[in-house]
Amino acid sequence: MPTLLDFRRSIRSVKNTQQITRAMKFISAAYLRKAQEAATAARPYAQELSRVLRSTMSRIDEPQHPLLAHRPEQRILVLVLAGERGLAGAFNTNILRKANEFFRANREKKISVIPVGKKSRDSLKRAGFQFAGEYVNALARVRFLTAREIAGLVTELYAKEEIDAVYIVFSEFKTVMVANLVVEKLLPVEPIKESNQKESAQIDYIYEQPEEQLLGKLLPRYIETQVLRAMLESSAAEYAARMTAMEAATKNAGDVIEARTLHMNKVRQAAITKEIIEIVSGASYGA
Amino acid sequence: MLPDSIELVIVTPERQLLRESVSEAVLPGADGELGILPGHAPLITELGIGELRYRGTDGKDEVHLAIIRGFAEVLQERVTVLAETAELAEEIDVDRARQALERARARIAASDANIDWDRASAALQRALIRIKVGGYATKRRTAIVEAP
């Protein structure tokens, strides 16, 4: 039979935990806002760049570039973006499961990976994959330079024909509650078809440099923005998942406190009732 | 009738730096400077390491920026600059650029066969352009301080 003191202690301990989870929720919310702002700030460059790339590509009949070259997919490289830390609910589990599904579907190919984020690195290392590189502490605060480094590495491997395709697995931030698990093909770059005929109603640009040369400069930048976007999305999704998880934890702690308090009061009341009965019966005995 | 202003948009991978109506802009093209006036013919160019300057529609002082590589797209009513790095004169840390210049010079002077020439000379150019553009901000500042 737990005494009142035991109850008080256990309630206090749950309250302490609740304070921690509540603080973590607010911290994640602040980081999430920053991550979302960064994602919004990066959007204009990506949009303008892909527009320029599209119009340049459509000007060239048969675009030739190492990053456009299609080869039979025998050796693939997969970038796996997961979280930097835990306590984010099912965030890491979900994205790593998605990655595993993708690996299973491509079992017959030679797979090498580049994990981004500590959780991704740890999990893939345990599974015994061959690393072409690894980037940890890159997603807590996403920097363009990291994205450029990663993009530089994969484009180099691709241009040297050491790999035949590059995929990227990441969580796309949808809403605070929902993240999309995405597998995208990074390389080779699919020839971009003009989707909107009217918009592109072919402006006749003057090209200061030959189109092919320009394309050669545009493509690596395009890969960089794709990697950057994935990193920003994944980072925002991680903070969102952590915020949601910590909110749920705070709520659960509240439920536990409520249940324990109720139980404690019942025990307290029972003790009082017992004492009253003892006094009353003792008094009647004495009389 | 040609318009008398053109919209200048400068974006970098991490942020949009500028969106402003200007009366003229000079871009650091990879093959030399390009002056853009309102109503310029559509054009796409690669940018080198250099200085971008523009004059606002109110005829104020020229504004200077250091641009490090990228692209520019010119349309009738809009100039979009996609720069890898773009910094306003006021944002540049000239002392740091001077140190970078020293390092780059030392590396080139040491000139053993191992150094990456392209990288060393790009670092040198970057430092030089930062010092030049950063100088505009300092000049203005000292001018204000020294005025009696």
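Here the structure is a predicted model, which is why all the values come from computation and not from measurement. In what follows, chains carry the letters A, B, and so on, assigned in the order in which the sequence lines appear, proteins first and then strands, with residues in each chain numbered from 1.
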S.K.: For the backbone of F144(A) and the side chain of E14(B), can you confirm whether one donor and one acceptor N or O come within less than 3.5 Å of each other?
M.R.: yes

S.K.: Are K217(A) and R69(B) close enough that some pair of their side-chain heavy atoms sits under 4.5 Å apart?
M.R.: no

S.K.: Has Y31(A) got more than 12 heavy atoms of other residues, nucleotides or ligands less than 6.0 Å from its OH?
M.R.: no

S.K.: Which region of V9(B), side chain (C-beta onward) or backbone (N, CA, C, O), has a non-hydrogen atom less than 4.5 Å from a non-hydrogen atom of chain A, or is it both or neither?
M.R.: neither

S.K.: How far apart are the closest heavy atoms of Q209(A) and A30(B), and which atoms are they?
M.R.: NE2-CB, 3.8 Å

S.K.: Would you mind checking which part of R43(A) comes under 4.5 Å of any heavy atom in chain B, side chain (CB onward), backbone (N, CA, C, O), both or neither?
M.R.: neither

S.K.: Is it true that, when you exclude R141(A) itself, more than 12 heavy atoms of the residues, nucleotides or ligands shown sit nearer than 6.0 Å to its CZ?
M.R.: no

S.K.: Among the options R148(A), E211(A), E224(A), pick out the one with the most heavy-atom pairs lying under 4.5 Å from chain B.
M.R.: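 Between R148(A), E211(A), E224(A), the count favours R148(A).
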
S.K.: Would you indicate whether the side-chain heavy atoms of Y205(A) and E73(B) approach each other to under 4.5 Å?
M.R.: yes

S.K.: Counting only heavy atoms not in R78(B), do more than 12 sit closer than 6.0 Å to its CZ atom?
M.R.: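 Above 12, so yes.
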
S.K.: In this structure, are over 12 heavy atoms from other groups packed under 6.0 Å from K185(A) atom NZ?
M.R.: yes

S.K.: Any heavy-atom pair between the side chains of T80(B) and Y45(A) that's under 4.5 Å?
M.R.: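 When only atoms from C-beta onward are counted, T80(B) and Y45(A) do not touch, as no gap falls below 4.5 Å.
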
S.K.: Side chain, backbone, both or neither: which part of Q213(A) has a non-hydrogen atom closer than 4.5 Å to chain B?
M.R.: side chain

S.K.: Which of these, L47(B), L34(B), L27(B), sits in a side chain to side chain contact (heavy atoms under 4.5 Å, CB included) with E208(A)?
M.R.: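 Single side chain to side chain contact (heavy atoms under 4.5 Å, CB included) partner of E208(A) among L47(B), L34(B), L27(B): L34(B).
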
S.K.: Please classify the contact between T40(A) and chain B as side chain, backbone, both or neither, with a heavy-atom cut-off of under 4.5 Å.
M.R.: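 Nothing of T40(A), per the 4.5 Å heavy-atom cut-off to chain B.
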
S.K.: If you count heavy-atom pairs under 4.5 Å between each of I44(B), T45(B), L75(B) and chain A, which one has the most?
M.R.: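 So the answer, after comparing I44(B), T45(B), L75(B), is I44(B).
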
S.K.: Using heavy-atom distances under 4.5 Å, tell me whether L218(A) contacts chain B through its side chain, its backbone, both, or neither.
M.R.: both

S.K.: Under 4.5 Å, counting heavy-atom pairs only, tell me which of A41(A), A39(A), A147(A), A46(A) racks up the most with chain B.
M.R.: A41(A)

S.K.: Let me know if L228(A) has heavy atoms under 4.5 Å from chain B in its side chain, its backbone, both or neither.
M.R.: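 Just the side chain, heavy atoms under 4.5 Å.
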
S.K.: Please report the shortest heavy-atom distance between L82(B) and V52(A), naming the atom on each side.
M.R.: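 Heavy atoms of L82(B) and V52(A) come nearest at CD1-CG2, 4.0 Å.
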
S.K.: Specify which of V142(A), T225(A), L232(A), L214(A) makes the most heavy-atom pairs with chain B at under 4.5 Å.
M.R.: L214(A)

